[in-house]
Amino acid sequence: MAVSVAQRIARALRGKPTLVLGLPTGRTPLNLYRELARLTAAGQADFSRASTFNLDEFLGLAAAHPGSYRSYMERHLFTHVNLQPDRIHLLDGNARDPLRECEHYERAIREAGGIDLQLLGIGANGHIGFNEPGPSVSARTHRTRLHPETRRANAMLFGGDWRKVPREALSVGVGTILRAREIILLATGRDKAACIQRMVYGPVTPRVPASFLQLHSNVRLVLDATAGASVRGPTRRRPRR
Ligand code: F6R
């Protein structure tokens, strides 16, 4: 998975050196980032004119905090590829005015020409970025409350203690994601199988934010056998009596 997606990215960079990439954090892209580092070292990927926009960041954390997504990205990708620092963008979780920070981020994405290639992971509850399941989704970059299961899934960044994971975050919106020209979603592991099936075959609903990807015309899912295990076909609903 990592090799094929890394090669797709390297090809996209060759076709458009000023490529604008949207990036996730989490466990899923770790092998991909390792492979991108390897391709860069081998002279097969060139990020020197590319730009990146990360999907999300914890609220109330300084960028240098070891649990921040900025630190994660520095550790796993930015220090291993030749991106120019001024073309790397992450939401500032420590911004004095988070709402202004969100507006500023939307504007920066627009001014960069929009996202060419958006990489995504998916939460077991169907979230993309930090767009959590609920009665509605936000179209644009916004401030959001994290579900306890999302905080638990991020505990490894905070010494294994999920209570230390911030309760809130900033995240690009579902509309921001859907405006990307191409989307690649990666998922591995049995715990993702149910949400993958609901994303692909279920109704488009804010209860499964990833289901909005059905509205996009250029999405590729890259799944391992366990994450793809229950993608068998549309779920049949029992007729109501
Ligand atoms: C994080 C992000 C999240 C993760 C998702 C899956 O930047 O966008 O939506 O992609 O929580 O996380 P992992 O890969 O750890 O299962």
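These numbers were taken from a predicted model, which means no experiment stands behind them. Each residue takes its place number in the sequence, starting with 1.
Thr144 and Glu168 share no donor-acceptor pair across their side chains, judged by distance under 3.5 Å alone. Side-chain atoms of Asn154 and Tyr69 include a donor-acceptor pair closer than 3.5 Å. A donor-acceptor contact under 3.5 angstrom links the side chains of Thr141 and Glu106, judged on distance only.
Within 6.0 Å of NZ in Lys16 there are more than 12 heavy atoms belonging to other residues, nucleotides or ligands. The 12-atom threshold is not exceeded at CZ of Arg167, counting heavy atoms of other residues, nucleotides or ligands nearer than 6.0 Å. By the neighbour-count criterion of 12 heavy atoms within 6.0 Å, atom CZ of Arg190 is sparsely surrounded, having that number or fewer from other residues, nucleotides or ligands. Heavy atoms from other residues, nucleotides or ligands lying under 6.0 Å from NE2 of His104 number 12 at most.
Using bins of under 30°, 30° to 60° and over 60° for the plane-to-plane angle, the ring pair Phe158/Phe58 lands in the perpendicular bin.
One finds no salt bridge joining Glu111 and Arg107 here, because no Lys/Arg side-chain nitrogen approaches an Asp/Glu carboxylate oxygen to under 4.0 Å.
To the nearest 0.5 angstrom, Cys102 atom SG is 9.0 Å from Asp97 atom CG. The CG atom of Leu186 sits 6.5 Å away from the CG atom of Leu119 when rounded to the nearest 0.5 Å.
Taking the centre and axis of the six-membered ring of Trp162, the NZ or CZ atom of Arg151 falls outside the cone set by 45° and 6.0 Å.
Taking the six-membered ring for Trp and the full ring otherwise, the centers of Phe130 and His147 sit at least 6.0 Å from each other. The aromatic ring centres of Phe53 and His89 sit less than 6.0 Å apart.
Nearest heavy-atom pair, His127 versus Pro133, reported as atom, atom and distance to 0.1 Å: CB-CD, 4.3 Å. Taking all atoms of both residues into account, the shortest heavy-atom contact from Ile183 to Ala180 is CG1-CB, 4.2 Å.
Arg145 meets the side-chain hydrogen bond (donor to acceptor under 3.5 Å, both in side chains) test with no other residue; sequence neighbours excluded.
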